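Fair warning: this is a prediction, and the values are worked out from it, not measured in the lab.
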Amino acid sequence: MIKFVKKNKWWLLLSFFVPLVMMAVILGTNQIYWGSSRSILAGDSYHQYVALHSLYSNILHSAGRNGFFYTFTSGLGLNLYAFAAYYMGSFFMPLTFFFNVHNMPDALYLLTLLKTGTMGLTFFVSFKQMYQKLSAWLILALACAYSTMSFLTSQIEIIMWLDVFILLPLIVWGLHSLQDKGKRRLYFVTLTILFIQNYYFGFMIALFLVLYYFARATMKKWSWHNFLDFAVTSLCAGMTSLIMLLPMYLDLKANNTNAFSQSLSFFTDGSRPFDLFAKNFVGVYDTTQFGAVPMIYVGLLPLILALLFFFTHSINWKAKIAYLVLLGVLIASFYIEILDLFWQGMHSPNMFLHRYAFIFSLIILIMACETLTRLDELEVWKICFVIGLLGIGFSATLAYGNYNYLKNFNSILTGLFVLAYLILLISRRCRWLSYKLFLPIVFIFMMAEAGVNGFLQVSGLQNEWNFASRTYYNQQAGLLQPLADKINKLTGDGLFRADNTNPDTANDGMKYGYNSISQFSSVRNSNSSALMKLLGFHTDDTFLNLRYPGNTLLMDSIFGVKYNINQNQPVKYDFNTISSKDNSSALTENQNALGLGFMVPGGYHDVTLSNDSDRYLSNQTKFVNALAKVKLNYFTQIYTSSEHTENKISGTTDYVTLANKTGQTGDVAVTYEITAPAQSQFYISIPNISYISNDQKNTTLTLSKVQPNGEVTPISGYSVSTDDTGTYFNLGYYEKATLLKLTLSFPGNSQVSFNPTSFWALNTQNYNAALAKIKTSTVNGVEDKNGATFTIDAKTSGDLFLTIPYDKGWSAKVDGKNAKIKKAQSGFMTISIPQGKHKVQLNFVPQGFVIGSICFISGIVLFIGYDFLLLFEIHMITFSLKMNFER
């Protein structure tokens with residue numbers, strides 16, 4: 001290897017820096033660069049990945065004070081180890097140490113460039129080793145095509161995927177070394193790292209490796225010994241990676257419902273006959289949402305060369321059939337839903353479809369290399385025939401495909417590049433062009449093609465998802481980080497939660513470092529989220545989202561929400577303002593917030609909760625009464641004294657439509673007058689709002705107080721993105737009966753529909769009575785490393801109720817003795833506590849971690865032993881042959 005590095009040192013530098021610079025240019029021409037006003041954060045990058053990178057940075061800066069197994073900053077509490085298996089398995093993550101939440105967009109930009117450059121480097125090293133006869137110019141060109149293929153550039157915001165493509169060429173090289181030379185160490189190490197870093201793509205690549213092994217085995221004589229070597233080495237890699245795979249699997253099995261999707265039709269949604277041709281035009285971008293065609297483009301020359309693979313006479317017919325079958329399996333998977341699901345672990349993706357499509361691109365590059373090593377075998381008629389077939393396919397796609405995203409400039413660019421490659425290949429075959437001149441010209445054309453395609457992919461991404469404005473990001477960070485710092489200073493080691501009434505993202509807690517209810521993540525505890533849904537919190541059917549806004553004061557206190565970042569909303573009952581900024585946001589403290597643990601006298605018994613959305617307040621009542629051991633009513637429906645709108649109201653008693661009258665323009669709105677009872681926290685419920693505008697899905701609430709003389713005094717006005725909230729919107733606390741005027745307006749919408757609105761008053765006297773009963777026993781909780789400690793002064797025996805998601809990774813000790821943790825309401829935990837003063841220690845170790853660690857060590861030992869035995873066997877055979885020869 002040292003000899004290889006010395007011989008190719010300049011090419012190695014180029015293979016890193018050329019793709020890096022290409023990606024910098026692609027992003028720069030889309031107005032994204034270091035410190036640019038347009039950040040690299042689009043879609044999930046803004047809502048998830050910048051937050052998890054900030055979380056990682058915070059963990060590093062805290063020197064792991066709170067541990068690496070669990071975090072309370074997201075979704076009531078989160079198995080951080082399982083979360084890391086999907087999101088944080090990158091060697092580049094430690095670089096976040098040098099960044100904070102304010103400049104984290106630049107960190108993601110830098111990491112994107114570094115990962116792109118490293119992809120080019122590993123591709124060059126791997127493919128130059130596998131195809132040593134190929135010119136470094138060609139390998140470099142293919143490395144750049146690989147690093148900027150459409151699968152990556154169209155989804156560049158998903159930074160956690162990029163590390164997979166750093167490892168993938170090394171894994172393929174390792175497999176070649178195992179098949180051809182019996183060298184298995186590289187394959188074992190890189191495959192193990194892949195499984196540990198990203199189990200999701202690891203599953204897809206494992207399937208590919210099995211198929212590819214059999215396909216490539218047809219290029220030489222079959223060997224059962226070699227197949228056994230491949231199988232044993234792969235199993236050793238799988239066993240070693242159980243340190244991550246086993247805890248992840250057990251977490252998915254126990255805590256993630258809807259993990260498997262059903263196949264509802266034979267064909268994949270939106271698939272059409274000419275999809276493969278449509279997505280091989282230069283610069284074509286359709287969508288990364290639903291109904292997308294697989295992102296398979298990796299360059300026109302590699303595609304041409306891959307087709308010419310079937311016309312090289314030195315490749316035997318068995319190999320040609322095998323590679324055709326391999327491509328056929330992938331193509332069939334693009335069209336047949338059950339195969340498509342199988343590649344993705346039988347789980348239907350939430351957008352970013354056909355996530356295994358990169359395998360098609362990789363096979364194209366491998367076949368292109370096989371053809372390039374046999375370039376002299378290609379006759380002019382074969383080149384013309386293949387390009388002619390492509391031309392017919394492209395022409396038919398334009399004529400009959402009806403792909404509205406396929407524009408004239410895509411066709412022109414594709415035609416020009418195909419013509420250029422035709423001329424170059426024929427010129428080389430006919431010796432009109434010297435090999436030395438052919439190589440750099442091909443390189444230049446491939447760079448130009450990859451650059452243009454990459455620019456158009458990122459442009460498409462911007463048009464569809466919109467890279468976030470740095471100004472907006474800075475405004476949010478400048479507003480929220482000081483408030484989060486204040487929360488953490490006030491809380492100290494105390495175990496409480498905080499949340500934002502108008503969050504920037506569902507992962508603000510993770511991003512800014514405070515304990516939160518809200519969460520948006522593929523790794524989550526679905527059991528606790530399902531329970532939170534029954535208690536009125538917003539979540540979707542897959543529980544990817546759990547949102548705090550749009551719930552009641554009762555739930556604030558029960559779930560330990562001690563602090564609110566309150567932006568423009570009326571202040572809630574007993575939430576005292578402790579700091580404010582620009583009159584647009586305030587940090588408020590809940591005087592009645594329970595901790596994450598509290599005593600239930602006599603023990604807790606589950607109550608039956610209804611799935612009906614109109615019963616959520618009833619569910620809250622049942623739940624709190626069961627905790628407090630009381631029979632109180634908390635919510636009373638209040639009816640309006642008047643309702644007025646300039647618009648037309650239609651519909652039924654179950655579903656109302658508000659629309660502009662004929663000839664009327666502007667936003668629709670409705671105004672209510674209603675009296676809030678004395679000593680009540682007041683809410684309006686607006687269920688199931690449907691907007692006519694897809695771009696404007698906000699409801700604005702303008703609240704005023706009507707004085708006895710008829711004068712109207714403004715109280716507050718705020719906007720709610722109702723797609724991501726519960727349905728109970730805060731209208732403030734009123735010590736005395738107060739006549740209110742409330743206007744609901746729907747900006748940018750000439751029509752909206754919703755279930756009938758209702759007004760609800762929370763009786764604060766009953767609320768205080770219930771909390772007083774729960775607070776009879778004193779419970780104080782502090783966060784520890786990978787857990788928590790509670791000190792309890794229990795007035796009677798009962799259960800310590802923990803509003804922490806139930807997970808088998810939790811263990812508990814009461815006064816130093818092991819204690820049983822019981823599941824409560826299918827999502828939370830209880831621990832039996834006798835009367836008196838006690839200390840409860842909770843510790844979290846991911847389920848399966850200990851066994852996985854044993855497997856990790858065992859897998860390494862077994863592989864080393866296996867590798868040594870094979871080397872010893874080879875040595876003995878060589879020695880025996882030598883002795884026989886000498887005789």
Side-chain angles (χ1 to χ4, degrees), residues 11 13-33 113 116-117 119-121 123-124 127 134-154 156 279-285 295-307 361 364-365 368-369 371-372 375 383 387 390-391 394 406-428 432-462:
W11 291 107
L13 288 172
L14 286 172
S15 68
F16 177 79
F17 283 106
V18 172
L20 184 151
V21 171
M22 281 184 66
M23 184 56 69
V25 171
I26 288 169
L27 293 173
T29 50
N30 280 282
Q31 302 174 39
I32 301 169
Y33 45 87
L113 297 186
T116 302
M119 275 186 258
L121 176 62
F123 185 95
F124 182 88
F127 276 70
L134 284 185
S135 164
W137 279 108
L138 294 175
I139 300 294
L140 179 59
L142 293 173
C144 293
Y146 173 79
S147 303
T148 58
M149 61 180 167
S150 285
F151 186 88
L152 298 176
T153 49
S154 66
I156 195 69
K279 291 309 285 287
N280 271 301
F281 279 84
V282 178
V284 164
Y285 180 97
M295 300 289 184
I296 56 174
Y297 176 93
V298 73
L300 290 168
L301 184 58
L303 179 62
I304 294 168
L305 292 169
L307 293 175
S361 303
I364 292 297
L365 290 171
C369 286
T371 302
L372 284 170
L375 198 58
I383 297 170
I387 291 180
L390 275 179
F394 284 139
L406 191 52
K407 309 299 182 184
N408 289 334
F409 69 85
N410 300 120
S411 306
I412 294 170
L413 282 172
T414 303
L416 290 174
F417 277 110
V418 168
L419 179 61
Y421 295 133
L422 173 63
I423 293 170
L424 283 169
L425 289 172
I426 292 177
S427 297
R428 174 59 201 147
W432 299 339
L433 194 64
S434 70
Y435 194 57
K436 288 185 177 181
L437 190 57
F438 170 78
L439 295 175
I441 292 176
V442 167
F443 175 79
I444 291 169
F445 271 93
M446 288 187 67
M447 291 304 93
E449 182 192 349
V452 170
N453 180 74
F455 167 77
L456 293 172
Q457 297 302 308
V458 176
S459 296
L461 186 60
Q462 159 63 18

With a 6.0 Å cut-off (strictly less than), is the heavy-atom count around CZ of F409, excluding the residue itself, greater than 12? yes
Nearest heavy-atom neighbours spanning L138 and Y435: CD1-OH, 3.9 Å
Side chain to side chain contact (heavy atoms under 4.5 Å, CB included) partner of V298, the single match among N280, L303, I364: I364
Please round to the nearest 0.5 Å and tell me the distance separating atom OH of Y421 and atom CD1 of I426. 15.0 Å
OG (S15) and CG (L121) are apart, to the nearest 0.5 Å, by 4.5 Å
Test S147 against L152 for side chain to side chain contact (heavy atoms under 4.5 Å, CB included), laying out the working first. CA-CA 7 Å; S147 303; L152 298 176; 5.6 Å; no
Atom pair NZ/OG of K436 and S135 - distance to nearest 0.5 Å: 11.0 Å
Test item: L305 and L372 side chains (from C-beta on) under 4.5 Å apart, heavy atoms: yes
L433: side-chain contact (heavy atoms from CB on, under 4.5 Å) partners, not counting sequence neighbours: L424, S427, L437, F438, I441
Look up atom CG in L14 and atom CG in L20, then write down how far apart they are to the nearest 0.5 Å. 12.5 Å
Any heavy-atom pair between the side chains of I304 and L425 that's under 4.5 Å? yes
What's the shortest heavy-atom distance between F281 and L406, and which atoms? CG-CD1, 3.5 Å
Okay, side chain of E449, backbone of V282: is any donor-acceptor separation there less than 3.5 Å? no
Minimum heavy-atom distance F445-A420, with the two atoms named: CE2-CB, 3.5 Å
Between S361 and I296, is there a donor-acceptor pair closer than 3.5 Å when you use the side chain of the first and the backbone of the second? yes
Nearest heavy-atom neighbours spanning A141 and M446: CB-SD, 3.7 Å
Partners passing side-chain contact (heavy atoms from CB on, under 4.5 Å) against F455 (at least two apart in sequence or in another chain): T29, N30, S459
Could you please spell out the steps behind the side-chain hydrogen bond (donor to acceptor under 3.5 Å, both in side chains) verdict for N453 and T148? CA-CA 8 Å; N453 180 74; T148 58; over 6 Å; no
Nearest-0.5 Å distance that lies between atom CE in M23 and atom CE in M119: 6.5 Å
Any chance you could measure S154, atom OG, to L456, atom CG, to the nearest 0.5 Å? 12.0 Å
Ring pair (Phe, Tyr, Trp, His ring centres under 6.0 Å) partners of W137, counting only residues at least two apart: W11, F443
Working note: F127 + C369, criterion side chain to side chain contact (heavy atoms under 4.5 Å, CB included); need CA distance, chi angles, decisive distance, verdict. CA-CA 8 Å; F127 276 70; C369 286; 3.6 Å; yes
Please report the C-alpha distance between I26 and I156 in whole Å, then the side-chain angles of each, then the deciding distance to 0.1 Å, and finally whether the side chain to side chain contact (heavy atoms under 4.5 Å, CB included) criterion is met. CA-CA 11 Å; I26 288 169; I156 195 69; over 6 Å; no
Side chain to side chain contact (heavy atoms under 4.5 Å, CB included), that's the test. Do C144 and M22 meet it? Break it down for me. CA-CA 8 Å; C144 293; M22 281 184 66; 3.9 Å; yes
